[in-house]
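Scroll down for the structure; my scribbles are underneath it.
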Amino acid sequence: MRGFESFARECFEALRTETAFELSLIKGSGRAGPGERAIPTLRRDHRLAAALGRASGQPSFLFEHLAFAISLQPVLLARRPDVVYFSEWHTGRALSLLRSITRGRYKLVLCNGTMAVEGFGHLDHVQELTPAALEVVLERGADPKRHAVLPLGFDIDRSYTAVSADERLALRERLGLPRDRAVIVSVAALNNHHKRLGYLIEEIATLPEPRPFLLLVGQPDEETPAIRSLARDRLGADNHSIRTVPQGEVADLCRASDAFVLASLGEGLPRALVEATALGLPCLTHDYGVPEFVLGPHRRTADLTEAGALARLLSSSLAQDADPDAAEARHRFAYERFSWDVLRPRYAELFRRVAFPGNDAAP
């Protein structure tokens, strides 16, 4: 599952018991349930979306986003919601156009994980995920009254549970990972243009033997075959694994690993990075504002535009002995900044304020 879908599910589960509003989850696939329904729509992996993409020179996901906005119309006309909360930029553009046609009165709230920096006139409110993101859009002239920082919420346990050496070995045995060397995990879309997995593979390949084992976990796309080929050529079949697993299995893969790497040069607020540090893993990233916000004093960063920078960072990090106290401190930082326990009231207040602007007495 992609980050936006994972977040939509978690957000629904975290807020569905709120009494101040009624919450529904509308999705393009999966089973229906209390408060949630799946609607027929065009998916990016459908032949029609692929054909439209080829004919137009646009990515197939664009047609998925636009089709979903159209498919939502019967629900919006029947339910007449106060707020529509979403993450996909093109879906929001289409919803704004359709709202003007149908004379809808709902407010559009964008969770800006796509890192859009301008063109927000069609939206009623924009949730920026980090202070750095807010600073950028305000510098470009965004209305400060319609933008505010509110991080993504995460299902993080209040207490930290350490993984012992024996437990990690047992996990590796069950998961088919090597027992006798370090394991580096990266949870990201299996591509190169954004997640830069090619760079990660090349950096691992420059390390002296015995190299760390590289575990890549994520959703495949059209670039994935090239990533698989590069990993085979540069690392060898026995020195890496590329997997797509259900969301519930990602945590154990991280617990079985020694460090987490995110090689991308820019992110909105990467869910995998928050989840990894909440599990106590040391996290290695490019040096920019988002990791500073996500990891705080626990970040390990370098300029990952440079060849050799990640290899040096990995070598120095793996040379450090595992510190249970440091792992617990990383978990505590993530809990206090990103847990639903902390953020749930702020989300409820956001929806209330957008639905009823200027009315402090509103339900």
Side-chain angles (χ1 to χ4, degrees), residues 1-7 43-46 49-66 87-91 93 111-119 129-130 132-133 136 184-206 214-235 240-245 250 260-274 276 283-291 294 301-311 313-314:
M1 295 174 64
R2 298 166 61 248
F4 288 168
E5 285 81 2
S6 298
F7 172 69
R43 291 176 48 151
R44 68 183 66 192
D45 54 2
H46 193 279
L52 290 170
R54 288 192 299 269
S56 65
Q58 299 293 330
S60 59
F61 67 74
L62 172 63
F63 300 97
E64 175 188 79
H65 298 173
L66 298 177
S87 297
E88 299 288 10
W89 175 261
H90 298 294
T91 300
R93 295 288 299 185
C111 177
N112 194 14
T114 59
M115 299 183 292
V117 296
E118 57 190 0
L129 304 183
T130 67
V136 168
I184 304 301
V185 64
S186 183
V187 180
L190 299 174
N191 65 46
N192 194 54
H193 76 277
H194 180 205
K195 302 303 182 180
R196 302 181 71 238
L197 297 185
Y199 173 81
L200 173 55
I201 291 167
E202 293 288 358
E203 292 291 292
I204 294 286
T206 67
L214 179 60
L215 174 61
L216 302 179
V217 183
Q219 191 74 16
D221 65 16
E222 60 272 11
E223 296 183 18
T224 305
I227 295 295
R228 294 185 185 276
S229 178
L230 179 65
R232 284 194 302 269
D233 293 343
R234 299 292 287 132
L235 302 177
H240 77 281
S241 178
I242 300 177
R243 308 181 183 186
T244 300
V245 302
V250 173
F260 177 95
V261 173
L262 185 65
S264 53
L265 301 180
E267 299 277 355
L269 198 159
R271 291 187 60 79
L273 186 61
V274 175
C283 296
L284 288 61
T285 74
H286 181 57
D287 187 8
Y288 66 112
V290 171
V294 173
T301 61
D303 182 358
L304 299 191
T305 64
E306 296 183 1
L310 179 56
L313 187 61
L314 276 168

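- Between Leu216 atom CG and Ile184 atom CD1 the span is 11.0 Å, to the nearest 0.5 Å.
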Hey, mind stepping through Thr305 and His286 against side-chain contact (heavy atoms from CB on, under 4.5 Å) and telling me if it holds? CA-CA 8 Å; Thr305 64; His286 181 57; 4.1 Å; yes
Begin with the C-alpha distance, continue with both residues' side-chain angles, and end with the deciding distance and a verdict on side-chain contact (heavy atoms from CB on, under 4.5 Å) for Leu190 and Thr244. CA-CA 9 Å; Leu190 299 174; Thr244 300; 4.0 Å; yes
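- Not a single donor-acceptor pair under 3.5 Å links the side chain of Tyr199 to the backbone N or O of Asn192.
- Of the inter-residue distances, the one linking Thr285 atom OG1 with Leu304 atom CG reads 7.0 Å to the nearest 0.5 angstrom.
- Side chain of Glu203 to backbone of Ala307: no donor-acceptor contact under 3.5 angstrom is found.
- Summarising the geometry of Thr206 relative to Ala311, their closest heavy-atom pair is OG1-CB, 3.5 Å, with the distance given to 0.1 Å.
- Heavy atoms only, all atoms of each residue included: Leu200 and Ser186 are closest at CD2-CB, 3.7 Å.
- When all heavy atoms of Val290 and Pro270 are compared, the pair lying nearest together is CG1-CD, 3.7 Å.
- Atom CD1 of residue Ile204 and atom CG of residue Leu310 lie 6.5 Å apart, to the nearest 0.5 angstrom.
- Atom CZ of Arg243 sits in a crowded spot, with more than 12 heavy atoms from other residues, nucleotides or ligands closer than 6.0 Å.
- The OG atom of Ser87 sits 6.5 Å away from the CZ atom of Phe7 when rounded to the nearest 0.5 Å.
- Nearest heavy atom pair, residue Ser6 against residue Arg271, reads CB-NE, 3.7 Å.
- In this view, Asp303 satisfies the salt bridge (charged side-chain N to carboxylate O under 4.0 Å, His left out) rule with no residue, not counting sequence neighbours.
- When all heavy atoms are compared, the tightest approach of Arg44 to Ala49 is O-CB, 3.8 Å.
- A salt bridge is defined here as a Lys NZ or Arg NE, NH1 or NH2 lying under 4.0 Å from an Asp or Glu carboxylate O, and Glu267 with Lys195 meets this definition.
- With rounding to the nearest 0.5 angstrom, the CG atom of Leu262 is 6.0 Å from the CG atom of Leu273.
- For the residue pair Leu66 and His90, the shortest heavy atom distance occurs at CD2-O, 3.8 Å.
- Expressed to the nearest 0.5 Å, how far CD1 of Ile227 lies from NE2 of His240 amounts to 10.5 Å.
- Residue pairs meeting the salt bridge (Lys or Arg N to Asp or Glu O under 4.0 Å) criterion with at least one partner in residues 224-235, sequence neighbours excluded, are Glu202-Arg234.
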